[in-house]
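Notes to accompany the following structure.
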Protein chains: 2
Amino acid sequence: MPPPRRRPGGRTARIRRQVLDAVLAELGERGYDGLTMDSVAARSGVHRATVYRRWGDVGGLLADVLDAAGDDAWQPPDTGSLEGDLAALNREIHDALTAQPPIVAALIAASFRSEQADHAQRRLWEDRYARCEVIVRRAVERAELPLGTDARRLLIAATAPVYHQLVLLRTPPGPDLPGQAARTAALAASAGAFAVPPPAGDT
Amino acid sequence: MPPPRRRPGGRTARIRRQVLDAVLAELGERGYDGLTMDSVAARSGVHRATVYRRWGDVGGLLADVLDAAGDDAWQPPDTGSLEGDLAALNREIHDALTAQPPIVAALIAASFRSEQADHAQRRLWEDRYARCEVIVRRAVERAELPLGTDARRLLIAATAPVYHQLVLLRTPPGPDLPGQAARTAALAASAGAFAVPPPAGDT
DNA sequence: CCACTACTGCGACAAATGGTGCGTTAAGAT
DNA sequence: ATCTTAACGCACCATTTGTCGCAGTAGTGG
């Protein structure tokens with residue numbers, strides 16, 4: 001027998017959007033502990049019991065929001081140079097983390113609250129960094145970087161300072177933090193700091 | 001009139017230690033939302049009402065734990081070279097973040113839960129990074145680094161990848177993440193990536 | 001050693017929150 | 001159009017959270 005087919009139809013989708021929007025709004029306004037099943041239900045206009053049944057708990061809500069966030073068509077910037085790409089990427093990150101209300105920062109913080117949200121957050125990170133690897137590939141093609149540069153490590157080195165400063169340290173960043181972090185990483189990269197040894201076989 | 005004089009004596013101090021230990025234990029075992037006033041009171045053997053009276057809420061508990069954590073005699077490693085110091089520092093961070101139970105990671109995550117805890121966490125970061133600046137000063141004295149190197153930016157660039165990988169991304173780190181991050185930062189630093197322009201006056 | 005009082009323990013209480021069975025409504029297929 | 005079934009709304013209960021007054025205990029100064 002076929003699995004019972006779902007009904008992705010109009011009402012279900014509408015309710016989902018209402019609830020997800022309410023989650024983001026609550027998260028932005030009341031920050032962190034403000035996100036309860038109750039407040040989400042009240043704001044969305046959907047009944048408490050419905051929210052409980054479809055999402056189970058706060059972690060389910062967050063996971064759904066995070067998964068929905070990954071379903072976009074985002075592409076990393078393409079400025080024509082490695083440092084330019086990294087700087088533009090960092091500026092996007094910086095803007096997202098300092099936007100008002102601070103939805104992205106609140107989402108990151110909230111993802112610690114449950115296993116489900118944690119997994120969804122990891123999927124989102126993985127997706128974003130995977131999409132960014134093209135930046136490094138293009139730089140290698142332009143001969144800005146040596147072959148065998150570890151894309152992931154380079155991307156993390158470039159972006160980590162921005163996240164660290166804004167999410168964990170939460171102190172006012174120095175001027176042009178995105179640009180400086182990008183320049184530092186690009187410099188280290190062109191010096192071969194992220195070279196990965198070939199798999200010990202052929203060229 | 002003078003404020004009523006406090007009693008920092010035996011019982012009060014003992015109760016505080018019991019409660020703070022219970023906070024750490026709960027945080028390690030039950031991770032994030034597991035930390036409630038009730039569970040702390042139960043585990044510590046202190047009455048609920050006492051915990052409410054002295055600490056007010058979960059944020060108060062976390063803030064007290066964080067402040068207590070800053071009252072130690074920790075000093076950054078001194079290995080004789082910049083890269084060695086940074087690598088040793090990163091290894092300490094790595095070990096603290098991957099220890100079982102994951103108390104440090106849980107503390108960082110939990111510090112998002114309230115204003116009070118947030119402020120305490122910032123004080124702790126500030127204190128730690130300030131203590132680490134001596135690493136950069138020593139490197140400048142050894143002429144490993146140019147004068148006018150921005151200590152804070154260098155330290156953040158060196159340590160951020162470790163925090164980012166273990167706290168935010170939460171994916172298995174590559175081999176020798178601490179060492180690689182340290183080498184990258186040291187390389188960029190000796191190339192002058194963290195030079196700060198002199199204040200536009202004299203040498 | 002004694003008096004003073006800050007601090008803790010106790011239990012009862014009000015209020016908010018989390019979670020669930022059951023009848024009703026609306027979506028999707030024939 | 002109408003039938004089937006998934007999804008929703010309502011009412012309800014259980015648990016947790018936070019507060020208060022009072023009595024007892026133990027530091028602190030004389």
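Order of the sequence lines sets the chain letters (A, B, ...), proteins ahead of strands, with each chain counted from 1.
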Report the nucleotide, chosen from D:dC20, D:dG9, C:dC7, that has the shortest atom-to-atom distance to any side-chain atom of B:T12. C:dC7
Please figure out whether B:R53 or B:D57 has its closest DNA chain D nucleotide nearer the 5' end. B:D57
Which of these nucleotides, C:dT17, C:dG9, D:dG18, is closest to any side-chain atom of A:D38? C:dT17
Does a side-chain N or O from B:T50 land closer than 4.0 Å to OP1 or OP2 of C:dG9, or not? yes
Tell me whether the OP1 or OP2 atom of D:dG18 has a side-chain N or O from B:Y52 closer than 4.0 Å. yes
Check: B:A186 main-chain N/O paired with B:S190 side-chain donor or acceptor under 3.5 Å: yes
Nearest whole angstrom, please: distance from the P of D:dA6 to the CD1 of A:I15. 18 Å
Interatomic distance, A:L35 CG vs C:dT17 C1' [rounded to whole Å]: 14 Å
Taken to the nearest whole Å, CG/B:L61 to P/D:dG18 is 11 Å
note: B:W55, atom CH2; D:dG18, atom P; distance rounded to Å ~ 16 Å
Among C:dT8, D:dG18, C:dG18, find the nucleotide with the atom closest to the side chain of B:M37. D:dG18
Would the number of heavy atoms belonging to other residues, nucleotides or ligands and lying under 6.0 Å from CZ of A:R17 be above 12? no
Taking every heavy atom of A:G59 against every heavy atom of A:Q116, the minimum-distance pair comes out as O-CB, 4.1 Å
Considering all heavy atoms of both residues, which atom of A:I156 and which atom of B:H164 are nearest to each other, and what is their separation? CG2-ND1, 4.0 Å
To the nearest angstrom, the CZ-P distance between B:R54 and D:dT19 comes to 17 Å
Of the options A:I103, A:L61, A:V58, A:V51, which is the one that meets A:V23 in a side chain to side chain contact (heavy atoms under 4.5 Å, CB included)? A:L61
Ignoring hydrogens and angles, are the base of C:dG9 and the side chain of B:R48 linked by a donor-acceptor pair under 3.5 Å? no
Over how many whole Å does the gap from B:R16 atom CZ to D:dG27 atom P extend? 17 Å
Proximal nucleotide (of C:dG19, D:dA11, D:dC20) relative to the A:H47 side chain: D:dA11
